[in-house]
Structure formats: structure tokens, C-alpha cells
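Notes follow the structure.
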Amino acid sequence: MDLKLSIKAISLFFVLAHVTIADATIFDVTKYGIGPGGEISQALISAWKEACVSISPSTVLIPAGTYSLGPVALEGPCKAAIGVQVEGTLKAPSDPSLIKTDGWVVFEHVDQLTLFGTGTFDGQGARAWKENDCAKNPNCRQLPTNIKFNYLNNALIRDITSKDSKEFHITVLGCNNVNFVHVTITAPGDSINTDGIHIGRSTGVSIADALIQTGDDCVSIGDGGQQIHVQRVTCGPGHGISVGSLGKYRNEEPVVGITVTNCTLSNTMNGVRVKTWRASPVGSASDMHFDNIVMQNVGNPIIIDQEYCPTGNCNNQPPSQVKISRVSFKNIRGTSSTQMAVKFDCSKSVPCENVEVGDINLTYKGPQGAATSQCSNVRPITFGALNPKLCMISGGAQYL
Ligand SMILES: *[C@@H]1O[C@H](CO)[C@@H](O)[C@H](O)[C@H]1NC(C)=O
Ligand SMILES: *[C@@H]1O[C@H](CO)[C@@H](O)[C@H](O)[C@H]1NC(C)=O
């Protein structure tokens, strides 16, 4: 019901967006003065400012070509619907110290934004990945995200490519009704923290028909993610599709209403994952449905991990208090690169509730034998064929 409604809303939005773009006045950045080396930061800001005060729909155009672009914030509110059409390749400075903010291109406080075109946002991250010491240094600097969408209502992001970001590629924060259609995100599998799309504190976000190949999560959904729909997305390499991590901070908002449908994951470290920190404050994640997913050589294809503790010193800490409920994993098939193909490691203090699992066929080839599963502090409701069978006993026997 919810999904159907939101698909209707999305189609209506396409129609509106199409009309908007067709009738828009064009503001071509190259008419605003290109600096040495194809530098367009000032030109883009000037074009945006003029377009933003236009009382009829407008489009800022970055035509085909290669340009260098410093950090820019494109801010609303604007007077009418606004488009940004990128046909060229935008290159960020490769030296991370030349971007002082946490975003390279930031869209903020805009209603009815359409970002589209066949162009590329190239974060030129190779140098930043080499200098990234976050694995060892907890106070490491947050490196800039390629594209940040902050506090937008009714945005459409179509066809663009984000490449080699210094850290996260795209973040969505504090937004309502944002639809990604056919975007491409690429970075090498060994690039550090180059998550594809991260969504936090936003309602009504859809990602459809995307190709996301990175060194970290393909799509991650943080606290306050509500009505998030991921469909026909191809991921890998990277770390898979993740809800969380949740429960690191106080006052996190609930995660509600996630669907991941018709996706393919290849050679990712994890498949579909819900992860919460050990020793977390109270929180919740519910109504999360994973359906029709193909796994090709994926580690931990199905995993709920409430013992998440990347710092590795959580042994004496209390269990997570993030309550996970109404979750389903349906029609998930393919090959696992780890013997443990299905792992539900739920919290001892707030066991998972209403976890449904069915029509699973995950095979593993290795010297230890066939694929296995494990359930702690959860009693899954099963249906259809299950390979591996659920579950081997571990902890929380009262829930088995
Ligand atoms: C998923 O795939 C099935 C089977 O091909 C199709 O019937 C369904 O409409 C698809 N749903 C989405 C959201 O893509
Ligand atoms: C599970 O997948 C394997 C490998 O693709 C296949 O041989 C087997 O028939 C499948 N089992 C079911 C029950 O579909």
C-alpha cells in the first residue's frame, strides 16, 4: 500500500519535473566567465544565484567539457523550480586541504530541485585515500563528500555520475521526497570510506536503477531514515546495502519503512545488513523488507549484527538497545563467499521480533562444507524453501 502510493507520487513527480525542465530558462555557466584551467566555481555560483531568483522555472547548464570546480554551496530557497544540468566533467581539487568544508558540491534548502545530465562529478580522491588515517586515528578529519543534499523537498536526481569521491559520494540529510533515478557511482574497491549514497533523517527517498561500485557501503541508511525504497540497484564491489550503523549516538530517530527490492550484489563484503552498536542508547528500526535479491560471491549475504563494534573493545559492554522488528528477507539467492550465509545476531536485552525469512537459496563452496546460518536472540518465522536451513543454536536458546 505504502509502496504503491509512493510509486504514484514518484510518477507524478516525473511528469511535473519534465514539464519544468522543458519550459525552463537556461543559465549557461560558460557565459559567466571561465577562469584559467577551466575553473568555473564563481561562474556556477553566479549562474545559480540568478536562476534561483527567477520567478519562472530555470535551469543552470554546465555544457560538455572538462572544468575544475572548488567547493560550492548552492543554496535556496529559490523562487521557482530549479534544474542543474551537468553535461560536462567537473573535477575537484585533488589536494584535500583545498576543500575546508565537509562537502564539495552542496545543495541546501531547495524545493523542486532537479539535478540531471550525463556529466560526471569527479572527486579526484586518490590522494585523499592515501592520506586517510581514520582506521587508526579516531579524530581524523572528515573528508568532503562529492555531493551533499541537505534539507531539500521534492528533488529528482537523474542520470549523473559521481566518481572517485574523497570520502562518501552522496549524502541525503533532512530531506523529504528525493528520488534518484539511474545514477552511477564508481570508485575502486579498495578506496577508503567511499560509501555510495548515505541517507539520514529523511522521509521518502527512492533510489532506482543505479549502478554503485565503491570501496564502502553501496547504500546506507542512518537514523531517521523513513520510507526509503531501493530498487533495481546493482552494487559491487563495496560493503553492500546497510541499515545502520545505529545506536552510536543519543537521541537517534527511528528507522521505519525500508524496502530493498530487485537488487543484485556482486563481490561485496556484506549483502543486506542491519547493524547496531553494542552498548547503544535506546532506539528502533522496524518495517524493513528485503525482497528478490541476487547475491554473487557475497560475504554475509543476510546479516543482522547487533554486536557491531569496529573498535573491537566492546566485550564488557552491555548489549545494544536498538529494537529491531518486522523485518523480512524473501527470495534471496546466489552464492556466498563466507560459510555463514545467514546470521542473525540480535540483542540479548531487546531480541529481534517478527523476523520473516523465506525462499532463500544461498550456496557456499569451501573446504568446511555447505553454507550455514546462526540465530541469536531471535525466533525467525520461516516459509518456502530455505538453504541454508535456519538456524544453528547459539546464545539466547529461549528464542529458538
Ligand atoms: C521486481 O521484479 C519483479 C519480477 O521481475 C516485478 O514483478 C516487480 O514489479 C519488480 N518490482 C520493482 C519494485 O522493481
Ligand atoms: C539452489 O541453487 C543451486 C545453485 O544455483 C541450484 O543448483 C539448486 O537447484 C537451487 N535449489 C533450489 C531449491 O532452488
Side-chain angles (χ1 to χ4, degrees), residues 1-15 156-159 172 177-185 196-197 199 203-212 218-219 221 225-236 240-241 243 256-268 271-272 287-302 326-343 356-373 380-392:
M1 181 66 179
D2 262 347
L3 184 61
K4 271 194 195 133
L5 270 179
S6 86
I7 287 170
K8 256 189 203 157
I10 293 166
S11 338
L12 179 64
F13 187 64
F14 285 156
V15 173
L156 172 64
I157 295 105
R158 206 181 65 204
D159 298 330
V172 178
N177 188 25
V178 176
N179 301 298
F180 291 87
V181 179
H182 193 247
V183 299
T184 303
I185 299 178
I197 302 179
I199 301 156
T203 300
V205 178
S206 75
I207 303 170
D209 302 297
L211 172 65
I212 304 180
C218 173
V219 173
I221 298 162
Q226 309 210 344
Q227 308 310 323
I228 312 293
H229 306 298
V230 178
Q231 53 209 30
R232 302 181 303 277
V233 172
T234 301
C235 299
I241 296 177
V243 175
V256 189
I258 311 297
T259 62
V260 176
T261 314
N262 297 5
C263 293
T264 299
L265 288 83
S266 301
N267 302 306
T268 50
V272 288
D287 293 298
M288 300 179 285
H289 304 287
F290 304 89
D291 186 10
N292 194 20
I293 296 172
V294 174
M295 304 283 181
Q296 297 169 335
N297 191 39
V298 165
N300 313 310
I302 297 176
R326 298 193 298 278
V327 189
S328 66
F329 299 94
K330 266 187 224 175
N331 191 12
I332 299 181
R333 61 208 182 274
T335 54
S336 178
S337 62
T338 55
Q339 189 178 23
M340 184 75 72
V342 182
K343 181 170 177 173
E356 287 182 62
V357 189
D359 297 329
I360 305 292
N361 187 7
L362 292 165
T363 56
Y364 170 76
K365 277 208 180 77
Q368 310 94 315
T372 59
S373 67
I381 303 151
T382 61
F383 59 90
L386 289 173
N387 174 31
K389 294 262 175 289
L390 292 188
C391 276
M392 280 163 50

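In listed order, ligands and their atoms are each counted from 1. Counting from 1, the numbers follow the sequence of the chain as shown.
Ranking the protein heavy atoms by distance from atom 4 (C) of ligand 2 puts T363 CG2, 4.2 Å first.
Considering both main-chain and side-chain atoms, Q231 never comes within under 3.5 Å of ligand 1 through any nitrogen or oxygen pair. When only interatomic distances are considered, the shortest N/O to N/O separation between N361 and ligand 2 falls below 3.5 Å.
Using a 4.0 Å cut-off between charged nitrogen and carboxylate oxygen, D291 and K330 do not count as a salt-bridge pair. For the pair D209 and R232, the salt-bridge criterion is met [side-chain N within less than 4.0 Å of a carboxylate O].
Listed by number with element, the atoms of ligand 1 under 4.0 angstrom from any heavy atom of N292 are 2 (O).
The side-chain heavy atoms of I197 and V205, taken from C-beta on, include no pair separated by under 4.5 Å.
For atom 14 (O) of ligand 2, the nearest protein heavy atom lies under 4.0 Å away. Distance screen at 4.0 Å: atom 7 (O) of ligand 2 has no protein heavy-atom neighbour inside the cut-off.
No hydrogens or angles considered: a donor-acceptor pair under 3.5 Å links the side chains of N179 and S206. Side-chain contact, Q296 with S266: a donor N or O sits under 3.5 Å from an acceptor N or O.
In this structure, C235 and C263 have their SG atoms no less than 2.5 Å from one another.
Considering only non-hydrogen atoms, atom 12 (C) of ligand 1 lies nearest to N262 out of N331, N262, D291.
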